[in-house]
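A quick write-up on the structure given underneath.
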Amino acid sequence: MLRRYPDTGEPLSCKPTTKGLLNHGYRVSTTRGSYFLKHHLDDSTGDRATIVRQHRATQRLQSLGVPVAPPVQDTEGDTVTEIGGRCYALHPWVDGLHRAGAQLSTAQSERLGALLGAVHTGLEQVMGAGSGLAHRSVGYRSPDPADTFAVIDELLTAARRRRPRDAFDELAEHRLLERRTLLEQHADRRPPTPGAPATGWVHGDFHPLNVLYRGGDPVAILDWDRLGVQPRAEEAVRAAAIFFVLPAGKLELEKVREYARAYRRAAGAGAAELAAAVHRVWWERLNDFWILRWRYCLHDQRADPQFPAVSALAVWWTREYETVCEAFTG
């Protein structure tokens, strides 16, 4: 692999990193420094053309001053290496730490919102507002409660049958029954299908494990695998729901408020756009059980630690809907 990158020096060590759920990563140390070797495994985003598009986007964003870590080019000027039918990319190693919202001050939360706004406006410049839309439908449907009820029944059966049964299974059953009741109560609040397609490019996976900090400042936005065209304000709301959720399943609304104000200023987004996004993401969360699907259907428990806060958030958000909406729009 490194023979394709003669300027990187001779290899000294290659150690797997522990973060990441979809792809494999390695810290490669050489006689000339350290690098991050990414092994693209996700079939939905791991083809060469998609990866090249991601790489070109980060190269252009870097020229606009957005903190990213574009890949290293090989002797042919390529950034993707195919070995055994799999794709790899070499990036400079960026020293830094991941910070959850609890570790951010209110001022840092504001800077985070401004950063995501800069990402969205930067992507509009480097990708083009209308590119990539040829195969998109007029709008995308929000989850149908009837489908969700079927999923709940399936997961309840799996949770009740699991042996040996543990505290997680008890919590999963409680949350599934609770969610079914909430959906029955709020079924009439399902968001309508948008009348026009989304036109904004987004990072697609903006959360604490994909932002590196050095001191109090973000120095690199990582993992652009989900780069795509989606409603940009929904990414802002989803990111806040991950960054600023507390273990008890509540959002730090003071930080959310400053983050959202900064995002709206940087992205040129209005309060109505954020309000619509809050509603769609709330409904999305109310119908989503991806962590339980991983555990019971894929037998993958890596995301289990996230479940207590994530499942509690959907309940709290429903109860505090107006207060949450005001934090994003006020």
List the atom pairs, with distances to 0.1 Å, where a side-chain N or O of residues 1-8 and a protein N or O form a donor-acceptor pair under 3.5 Å, not counting sequence neighbours.
unit_1, atom_1, unit_2, atom_2, d
Y5, OH, T81, OG1, 3.3
T8, OG1, Y5, O, 2.6

Would you list the atom pairs, donor with acceptor, under 3.5 Å between side chains in residues 262-270 and any protein atom, with sequence neighbours excluded?
unit_1, atom_1, unit_2, atom_2, d
Y263, OH, H120, ND1, 2.8
R264, NH1, F328, O, 2.8
R264, NH2, G330, O, 3.3
R265, NH2, E110, OE2, 3.1

Under the criterion side-chain contact (heavy atoms from CB on, under 4.5 Å), I'd like the reasoning laid out for E82 against R48: C-alpha separation, chi angles, the key distance, then a yes or no. CA-CA 8 Å; E82 290 189 58; R48 184 184 185 90; 3.3 Å; yes

For a side-chain contact (heavy atoms from CB on, under 4.5 Å) check, start with the C-alpha distance between R179 and N287, then their side-chain angles and the critical distance, and finish with the verdict. CA-CA 8 Å; R179 197 74 63 84; N287 285 266; over 6 Å; no

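Residues satisfying the ring-ring contact (aromatic ring centres under 6.0 Å, His included) criterion with F36, sequence neighbours excluded, are absent altogether. Evaluation of the ring-ring contact (aromatic ring centres under 6.0 Å, His included) rule for Y88 yields H39 as partners, not counting sequence neighbours. Y296 is linked by a ring-ring contact (aromatic ring centres under 6.0 Å, His included) to nothing, counting only residues two or more places apart in sequence or in another chain. Partners of R295 under the salt bridge (Lys or Arg N to Asp or Glu O under 4.0 Å) rule, at least two apart in sequence or in another chain, are D166, D169, D304. Take R60 and apply the salt bridge (Lys or Arg N to Asp or Glu O under 4.0 Å) test, not counting sequence neighbours, and it matches no residue. For the side-chain hydrogen bond (donor to acceptor under 3.5 Å, both in side chains) test, residues two or more places apart in sequence or in another chain that qualify with H279 are Y321. Residues that satisfy the salt bridge (Lys or Arg N to Asp or Glu O under 4.0 Å) test with E173, not counting sequence neighbours, are R160, R165.
Among pairs with a residue in residues 234-247, those fulfilling salt bridge (charged side-chain N to carboxylate O under 4.0 Å, His left out) read E234-R238, E234-R280, R238-E284, at least two apart in sequence or across chains.
Aromatic ring pairs are classed by plane angle as parallel below 30°, tilted from 30° to 60° and perpendicular above 60°; the pair H55 and H91 is perpendicular.
Through direct or relayed side-chain contacts under 4.5 Å between Ile, Leu, Val, Met, Phe, Trp and Tyr, V94 connects to L212, V219, L222. Cluster partners of V80, by chain and number: I51, V52. The rule joins Ile, Leu, Val, Met, Phe, Trp and Tyr whenever side-chain heavy atoms lie under 4.5 Å apart.
The shortest side-chain heavy-atom distance between F168 and R162 does not fall under the 4.5 Å cut-off. Residues Q103 and Q108 are not in side-chain contact: their nearest non-hydrogen atoms beyond the backbone lie 4.5 Å or more apart. Residues R99 and F243 are not in side-chain contact: their nearest non-hydrogen atoms beyond the backbone lie 4.5 Å or more apart. In this structure the side chain of V151 reaches within 4.5 angstrom of the side chain of R293, judged on heavy atoms.
Aromatic ring centres of H98 and H207 lie farther apart than the 6.0 Å criterion allows.
The two atoms that bring A236 and L116 nearest to each other are CA-CD2, 3.6 Å, heavy atoms only.
When each of L286, V237, D288 is checked for a side-chain contact (heavy atoms from CB on, under 4.5 Å) with V281, only V237 meets the rule. Exactly one of D223, L227, I242 qualifies for a side-chain contact (heavy atoms from CB on, under 4.5 Å) with D205. That residue is D223.
Cation-pi check for R189 over W282 is met; the charged atom lies under 6.0 angstrom from the ring centroid and within 45 degrees of its normal. Geometrically, R302 does not engage W294 in a cation-pi contact defined by less than 6.0 Å to the ring centre and at most 45° from the axis.
With rounding to the nearest 0.5 angstrom, the CG atom of L61 is 7.0 Å from the OG1 atom of T58. Within the model, atoms CG of L292 and OG of S311 stand 8.0 Å from one another, a figure rounded to the nearest 0.5 Å.
Donor-acceptor pairing under 3.5 Å is recorded for the side chains of N23 and D225. Residues R141 and T193 bring no donor and acceptor atom of their side chains to less than 3.5 Å of each other.
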